[in-house]
A.B. asks: 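Got a structure for you, written out below as structure tokens; questions coming shortly.
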Amino acid sequence: MLIKTINLTKTYTIDGDIQTPALRGVDIVIDKGEFVAIAGPSGSGKTSLLNLLGALDTPTSGSIFYEDIDITKIALNALSGFRLTQIGFVFQAYNLINTLTALENVEYIMLLKGVSADIRRKKAVDILARVGLGDYINRFPRHMSGGQQQRVAVARSIAAEPKVVLADEPTANLDSKTAESLIELMKELNAEKGITFIFSTHDKMVMDKAKRLINLHDGKVVS
Amino acid sequence: MIFAFLKIAFRNILRAKRRSLITVSAVGFGLGALIFIWAFVDGAHRQMVENYTSLIAGHIQIHKQGFSQKEQLEMNFSRPEEIIAKLTRLAQVKAVSPRIKAFGLVSSAEHSSIVSIMGIVPQKELSVSRMSDRVKEGKFLEDNKSIVIGERLAKNLNVSLGDKVVIMSQALDGSIASAAYHVNGLLDTGADEIDKGVALITYTAAQELFVMDNKASEIAVRINSAEDARIVSRMIANDLNSPDLEVLAWQDISPMLYQWVEFDNGFIWIIVLVVMIVVAIGILNTVLMGVLERTHEFGILLALGTKRRQVISMVAFESLILGIVGSIAGLGLGCVSSLYYGKAGINLSAFTQALNNFYMDAFIYPRLSFGHVATSLVLVLIISVVVSLYPAYHAANLKPVDAIRSI
Ligand SMILES: Nc1ncnc2c1ncn2[C@@H]1O[C@H](COP(=O)(O)OP(=O)(O)OP(=O)(O)O)[C@@H](O)[C@H]1O
Ligand SMILES: [Mg+2]
């Protein structure tokens with residue numbers, strides 16, 4: 001068991017009084033090395049769940065265990081360190097720091113972890129080559145296509161060797177061919193390095209590539 | 001790690017070139033103006049003090065105790081040469097000159113006027129005051145029968161060069177003092193009270209006229225730097241160690257001039273404040289706009305595990321860099337313009353008529369002072385960092401989830 005949620009709920013409060021329940025008691029268990037898609041219609045709670053799993057938001061109630069640590073009990077200040085060491089992130093779009101090159105974006109996460117400059121550089125070059133961007137390492141994000149940017153984001157997410165990579169609709173802004181190759185890349189990295197991937201999607205093709213599908217509906221796991 | 005944040009800050013500055021340029025200009029012009037204005041005021045003060053002290057007063061005056069309250073012939077002291085000998089031994093003292101001061105009636109054939117009569121030693125006076133430079137017509141004192149009076153006084157008496165005037169007064173022994181002199185020179189100092197009300201004769205002539213018996217009314221002292229007048233006057237008082245004598249610095253001799261200078265020195269802080277506000281607003285505007293524009297990016301940075309204090313330093317660096325670049329520009333602008341006008345002078349002749357009484361020159365020569373330049377610079381740099389703390393804290397306190405959602 002890598003991640004386990006117990007009766008996880010999230011209710012947003014808008015303007016202090018309107019309550020929107022986004023998650024209504026989610027219990028899931030994800031093992032090390034899994035390749036999981038979270039599916040469900042718009043508004044079903046996919047983003048809410050990923051934000052909680054990524055320690056970016058706090059649940060209304062319930063617990064989230066990473067191995068035997070309940071991260072809902074960790075102080076907000078300490079969570080940045082937890083995210084840095086344990087979790088890789090890929091967001092829907094505009095993942096990268098605009099003022100840094102592809103290489104520097106990948107290096108950034110290792111820099112925060114205090115990896116020395118030469119090791120950092122070598123590793124970033126290797127990973128970028130691995131995701132097929134060997135010729136693009138010195139490009140700035142604005143000079144790369146959306147698909148290339150997402151590949152850099154994937155490279156960055158695994159650079160610090162996290163336990164899990166969380167990706168909220170990483171293919172939503174890509175055409176279907178580019179989307180497919182990005183998911184293929186993630187799947188290969190999952191197989192090669194044993195890194196757990198959890199990603200959400202609307203896309204039937206992407207769901208089909210997942211080894212396991214978690215279906216959300218109205219804030220509940222339905223299958 | 002610091003280096004990486006500096007790099008990001010640098011690139012962000014370059015990314016928003018136009019905005020950065022505006023900020024750098026605001027800082028540069030602000031600091032440049034501040035340095036220049038401060039140099040201008042310092043230069044003007046120096047000239048005012050210099051003009052005042054060199055005209056007649058000197059930097060320091062020594063009298064019999066109470067002379068400054070009651071300027072009379074009776075307020076004199078004996079053996080001035082002994083005091084002079086002591087004074088010339090002090091390193092800070094440049095020149096010393098004894099004087100006799102009294103009031104008397106100056107008459108021509110047609111008119112008369114009550115004036116302040118000064119007996120001076122012409123050669124010694126040359127290195128203490130610049131009265132001789134102010135002789136507009138004729139020459140300075142030559143023999144013991146010559147007299148130098150203000151141009152306005154000459155007009156009032158209706159006399160010109162070479163004419164005879166008579167001084168009448170009371171001598172120290174109570175006898176009537178009366179002697180005739182020929183007008184040797186006319187003074188134009190620009191200061192009315194001198195041009196209308198002063199008559200100069202030689203020290204020897206005054207000794208004789210007032211039957212002084214080798215007593216003096218005043219010893220005027222010139223020192224190396226007018227700014228040290230207070231300190232040196234205290235040293236002199238200690239040295240002379242006589243309760244019968246008063247030792248006054250120019251600040252005590254002309255409290256009005258001193259207050260004027262002090263008022264200006266206080267006023268300049270208002271200018272400093274205004275410039276700081278302009279600089280602060282300039283930097284705040286740029287940095288805050290830059291931060292708000294990058295909300296999404298800060299969300300990503302925070303989500304990835306960047307610590308809040310790292311985000312703060314990233315933003316503060318940006319502001320500091322803008323501050324430093326602007327300061328270099330401002331330093332150049334302020335110093336170059338001050339040095340240039342320090343040589344060329346700034347023509348204020350249009351205003352000098354009104355300012356004559358304050359010993360202002362037609363040309364003001366700005367003068368850089370290291371302390372004031374350094375103060376301006378440090379203040380601008382501090383302001384540029386302090387002002388960035390608000391946008392920096394704003395960025396650091398963003399909730400990553402919310403920030404990422406904004407594009
Ligand atoms: N910040 C928020 N404030 C208020 N309500 C929110 C907020 N975020 C999400 N919600 C609500 O919570 C519910 C779940 O939203 P969530 O974004 O998790 O769904 P989703 O499955 O990711 O949808 P989509 O596929 O459109 O991205 C929705 O009803 C949504 O309106
Ligand atoms: Mg979503």
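For clarity, every value in this text was computed on a predicted model and none was experimentally measured. Residue numbers begin at 1 in each chain, while the letters A, B, ... track the order of the sequences.
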A.B. asks: Could you check if a side-chain atom of B/R15 sits within less than 4.5 angstrom of a side-chain atom of A/R142, using non-hydrogen atoms only?
C.D. replies: no

A.B. asks: Is there a side-chain contact between B/I8 and A/Y108, using heavy atoms and a 4.5 Å cut-off?
C.D. replies: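 Sidechains of A/Y108 and B/I8: in contact.
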
A.B. asks: Select one option (side chain, backbone, both, neither) describing which atoms of B/R294 are under 4.5 Å from chain A's heavy atoms.
C.D. replies: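 The answer is neither part of B/R294.
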
A.B. asks: Atom CZ of residue position B/R19 - does it have more than 12 heavy atoms of other residues, nucleotides or ligands inside 6.0 Å?
C.D. replies: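 Count over threshold, so yes.
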
A.B. asks: For the OG1 atom of A/T47 and the CZ atom of B/R405, what is their distance to the nearest 0.5 Å?
C.D. replies: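 Between A/T47 OG1 and B/R405 CZ, I get 8.5 Å after rounding to 0.5 Å.
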
A.B. asks: Could you state the interatomic distance from CD (B/Q310) to OG (A/S80), rounded to the nearest 0.5 Å?
C.D. replies: 8.0 Å

A.B. asks: Would you say NZ of A/K4 has more than 12 non-hydrogen atoms from neighbouring residues, nucleotides or ligands within 6.0 angstrom?
C.D. replies: no

A.B. asks: With a 6.0 Å cut-off (strictly less than), is the heavy-atom count around NZ of A/K113, excluding the residue itself, greater than 12?
C.D. replies: yes

A.B. asks: Is the backbone of B/L304 close enough, under 3.5 Å, to the side chain of A/R83 for a donor and an acceptor to pair up by distance?
C.D. replies: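 Flag not set: sc A/R83 to bb B/L304 has no pair under 3.5 Å.
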
A.B. asks: Looking at B/Y341, I'd like to know if its OH atom is crowded, meaning that more than 12 non-hydrogen atoms belonging to other residues, nucleotides or ligands lie closer than 6.0 Å.
C.D. replies: no

A.B. asks: Any chance you could measure A/L100, atom CG, to B/K7, atom NZ, to the nearest 0.5 Å?
C.D. replies: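 The CG atom of A/L100 sits 6.5 Å away from the NZ atom of B/K7.
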
A.B. asks: Does A/H217 NE2 have over 12 foreign heavy atoms under 6.0 Å away?
C.D. replies: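 Not buried by this count: 12 neighbours or fewer within 6.0 Å.
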
A.B. asks: What pair of heavy atoms forms the shortest contact from A/L111 to B/A4, and how long is it?
C.D. replies: CD2-CB, 3.4 Å

A.B. asks: Taking all atoms of both residues into account, what is the closest heavy-atom pair of A/N95 and B/I300, and its distance?
C.D. replies: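 A/N95 and B/I300 have their closest heavy atoms at O-CG2, 3.2 Å.
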
A.B. asks: Are more than 12 heavy atoms from other residues, nucleotides or ligands located less than 6.0 Å from atom CG of A/D15?
C.D. replies: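 12 or below, so no.
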
A.B. asks: Between B/F298 and chain A, with a heavy-atom cut-off of 4.5 Å, which part of the residue counts as in contact: side chain, backbone, both or neither?
C.D. replies: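 No part of it gets close to chain A.
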
A.B. asks: Determine whether B/E297 and A/L96 make a side-chain contact, defined as any pair of heavy atoms from C-beta on separated by less than 4.5 Å.
C.D. replies: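 With C-beta onward as the side chain, the pair stays apart.
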
A.B. asks: Heavy atoms only, distances under 4.5 angstrom: which of A/N98, A/I87, A/I109 has the most pairs with chain B? Name it, please.
C.D. replies: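 Between A/N98, A/I87, A/I109, the count favours A/N98.
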
A.B. asks: Looking at side-chain heavy atoms only, is the closest gap between B/I404 and A/Y94 below 4.5 Å?
C.D. replies: no

A.B. asks: Does any heavy atom of chain B fall under 4.5 Å from the side chain of A/E104, the backbone, both, or neither of them?
C.D. replies: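 The side chain, not the backbone.
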
A.B. asks: Measuring from atom OG1 of B/T306 to atom CG of A/L84, what distance do you get when rounded to the nearest 0.5 angstrom?
C.D. replies: 8.0 Å

A.B. asks: Would you say B/K399 and A/D57 make side-chain contact, with heavy atoms under 4.5 Å?
C.D. replies: yes

A.B. asks: Please check if the number of heavy atoms outside B/F36 that lie under 6.0 Å from its CZ is greater than 12.
C.D. replies: yes

A.B. asks: For the CZ atom on A/F65, are there more than 12 heavy atoms of other groups (residues, nucleotides or ligands in this structure) within a distance under 6.0 Å?
C.D. replies: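 Result for CZ/A/F65: enclosed.
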
A.B. asks: Find the distance between OG1 (A/T101) and CZ (B/R11) and round it off to the nearest 0.5 Å.
C.D. replies: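 Going from OG1 on A/T101 over to CZ on B/R11, the span is 6.5 Å.
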
A.B. asks: If every non-hydrogen atom of A/F89 is compared with every non-hydrogen atom of B/A303, which pair is closest and at what distance?
C.D. replies: CE1-O, 3.4 Å

